[in-house]
Amino acid sequence: LLAVSLTGPGFTGEGVYRFIAAGADGQSTRLETRQTYRFDQWFVRLLAPVVLPAAAEKTSRDLERLKLAVEKQLPATASN
């Protein structure tokens, strides 16, 4: 479990990252993430429903690229 708090001009955020054993063989791991943000400015709060889904999609793509890079580095005997 990794929990982070972010504070910047006009916002605060929290993220939780959790690694969970997956698969019957015990060789797989799943990453669950959850982020929440609070914005101070009304205009940013107004745009949040448009911007945050795009940011979440970008995060998903980045995590998929990370997964592929990690799996590429695993020994040949590991189950991917």
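- Between Thr33 atom OG1 and Leu63 atom CG the span is 6.0 Å, to the nearest 0.5 Å.
- Residues satisfying the side-chain hydrogen bond (donor to acceptor under 3.5 Å, both in side chains) test with Glu32, not counting sequence neighbours, are Arg30.
- For the atom pair Leu6 CG and Phe11 CZ, the distance stands at 5.5 Å (nearest 0.5 Å).
- Looking at residues two or more places apart in sequence or on another chain, you find a side chain to side chain contact (heavy atoms under 4.5 Å, CB included) between Val4 and Leu2, Tyr17.
- The side-chain hydrogen bond (donor to acceptor under 3.5 Å, both in side chains) test applied to Arg65 returns Asp62, not counting sequence neighbours.
- Contact detail for Ser5 and Glu14: the closest heavy-atom pair is OG-CG, 4.3 Å.
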Could you pull out every donor-acceptor pair under 3.5 Å between side chains of residues 38-56 and any protein atom, sequence neighbours left out?
from, atom 1, to, atom 2, distance (Å)
Arg45, NH1, Phe39, O, 3.1
Arg45, NH1, Asp40, O, 2.6

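- Evaluation of the side chain to side chain contact (heavy atoms under 4.5 Å, CB included) rule for Arg34 yields Val16 as partners, not counting sequence neighbours.
- With sequence neighbours excluded, no residue satisfies side chain to side chain contact (heavy atoms under 4.5 Å, CB included) with Gln73.
- With rounding to the nearest 0.5 Å, the separation of NZ in Lys67 from OG1 in Thr29 is 11.0 Å.
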